[in-house]
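These notes concern the structure reproduced below.
Quantities reported herein were computed from a predicted structural model and do not represent experimental measurements. Computation of the quantities below employed the complete heavy-atom set of this structure, encompassing side-chain atoms and omitting hydrogens, waters and symmetry-equivalent molecules.
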Amino acid sequence: MKFLAGLLVFSTLLLAQSEQLIIDAQNFEANDKKGISTFTGNVKIQMGKDKLNAEKVDIYFTSKKGSSGKVPSKYIASGNVDFEIVTKAKHYIGKGNKIIYSPLKQEYTVIGNGFLQEKNDDKKIYGEKIYVNQLTGEAKVSGSDNKPVRFIINIERGSQK
């Protein structure tokens, strides 16, 4: 029961404008003592226009200050992860081996075979580790000797005669 109450608080805070959070998976486990909920097997998460697909998603909860409720502090998605994020200004699609999302900081980290595309400007980034902070606009991409960072952008040139 504590988990369900926590999930309701989590959904309310995450959705802010009363959007529905929908999680479909083949298996579900919760450990209230550790504050972890685990979804495995063809996990599909949808909230509004945002989507995430993975083989496993762990959701970590922390106690909400001044309340007995819990709020999500981190999501870790692994196994063939792909996602789509739609904000007022941007539309992203991406994929990677693992994705870590910190909702309070609005930070995303894509680890392993990372790909991120900003659909509005058709910018594409490939790297072994991609970090994006939606609040600050900060982005960092790391590659390796075998797989350097690759950034692809379409640039319009002046009219040619």
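Looking only at distances, a side-chain donor or acceptor of N120 sits under 3.5 Å from a matching main-chain atom of A89. Side-chain atoms of N80 do not come within 3.5 Å of backbone N or O of E55 as any donor-acceptor pair. Between the side chain of E107 and the main chain of T109, no donor-acceptor pair closer than 3.5 Å is present. S73 places a side-chain N or O within donor-acceptor distance of the main-chain N or O of Y60, the cut-off being under 3.5 Å. Not one N or O on the side chain of S102 forms a donor-acceptor pair closer than 3.5 Å with the backbone of L104. D121 contributes no side-chain N or O that, together with a main-chain N or O of K123, makes up a donor-acceptor pair within less than 3.5 Å.
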(request) Apply side chain to side chain contact (heavy atoms under 4.5 Å, CB included) to the pair I100 and K74, showing each step before the final yes or no. (result) CA-CA 7 Å; I100 301 170; K74 180 171 40 173; 3.8 Å; yes
(request) Take I22 and I45 through the test side chain to side chain contact (heavy atoms under 4.5 Å, CB included) and record every step on the way to the result. (result) CA-CA 6 Å; I22 301 168; I45 299 176; over 6 Å; no
(message) What verdict does the salt bridge (charged side-chain N to carboxylate O under 4.0 Å, His left out) test give for K49 and E84, after you've listed the backbone C-alpha separation in whole Å, the side-chain angles of each residue and the deciding distance to 0.1 Å?
(response) CA-CA 8 Å; K49 294 181 181 179; E84 180 173 10; over 6 Å; no
(message) What verdict does the side chain to side chain contact (heavy atoms under 4.5 Å, CB included) test give for K90 and E118, after you've listed the backbone C-alpha separation in whole Å, the side-chain angles of each residue and the deciding distance to 0.1 Å?
(response) CA-CA 7 Å; K90 304 283 184 180; E118 184 183 314; 2.9 Å; yes
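Every residue meeting the ring-ring contact (aromatic ring centres under 6.0 Å, His included) condition with Y108, not counting sequence neighbours, appears here in chain and number order: Y101. In terms of the ring-ring contact (aromatic ring centres under 6.0 Å, His included) criterion, residue partners of Y126 (sequence neighbours excluded) are, by chain and number, F115.
Among all heavy-atom pairs drawn from K105 and L135, the shortest one is O-CD1, 3.5 Å.
Both I153 and V149 are members of a single hydrophobic cluster when ILVMFWY side chains are connected at heavy-atom separations under 4.5 Å. Connection of I99 to I85 is established within a shared hydrophobic cluster, with ILVMFWY side chains joined at heavy-atom distances below 4.5 Å, either directly or through further cluster members. Hydrophobic clustering of Ile, Leu, Val, Met, Phe, Trp and Tyr side chains at less than 4.5 Å, counting indirect connections, keeps Y75 apart from Y131. Cluster annotation: F28 is connected to V43 through the hydrophobic network of ILVMFWY side chains, with a link wherever side-chain heavy atoms come within less than 4.5 Å. One hydrophobic cluster, built from ILVMFWY side chains closer than 4.5 Å, cannot hold both I125 and I93; they sit in different ones.
N42 contributes atom CG, which lies 4.5 Å from atom NZ of K44 (distance to the nearest 0.5 angstrom). Taking CG from N31 and OG from S37, the interatomic distance works out to 9.0 Å, rounded to the nearest 0.5 Å. In this structure, CD on Q26 lies 14.5 Å from NZ on K56, to the nearest 0.5 angstrom. Between the OG1 atom of T40 and the CG atom of N27 there is a distance of 3.5 Å, given to the nearest 0.5 Å.
Two residues are said to be in side-chain contact when any heavy atoms from C-beta on lie closer than 4.5 Å; E128 and N113 meet this criterion. Taking the side chain as every heavy atom from C-beta outward, N97 and I111 never approach each other to under 4.5 Å. The side-chain heavy atoms of F39 and I59, taken from C-beta on, include a pair separated by under 4.5 Å. T38 places none of its side-chain heavy atoms less than 4.5 Å from the side chain of V57. The side-chain heavy atoms of L116 and K124, taken from C-beta on, include no pair separated by under 4.5 Å. Side-chain contact check for L52 versus V81: some heavy-atom pair is nearer than 4.5 Å.
At a cut-off of 3.5 Å, with distance as the only test, no side-chain donor of Q117 or Y92 sits close to an acceptor on the other residue.
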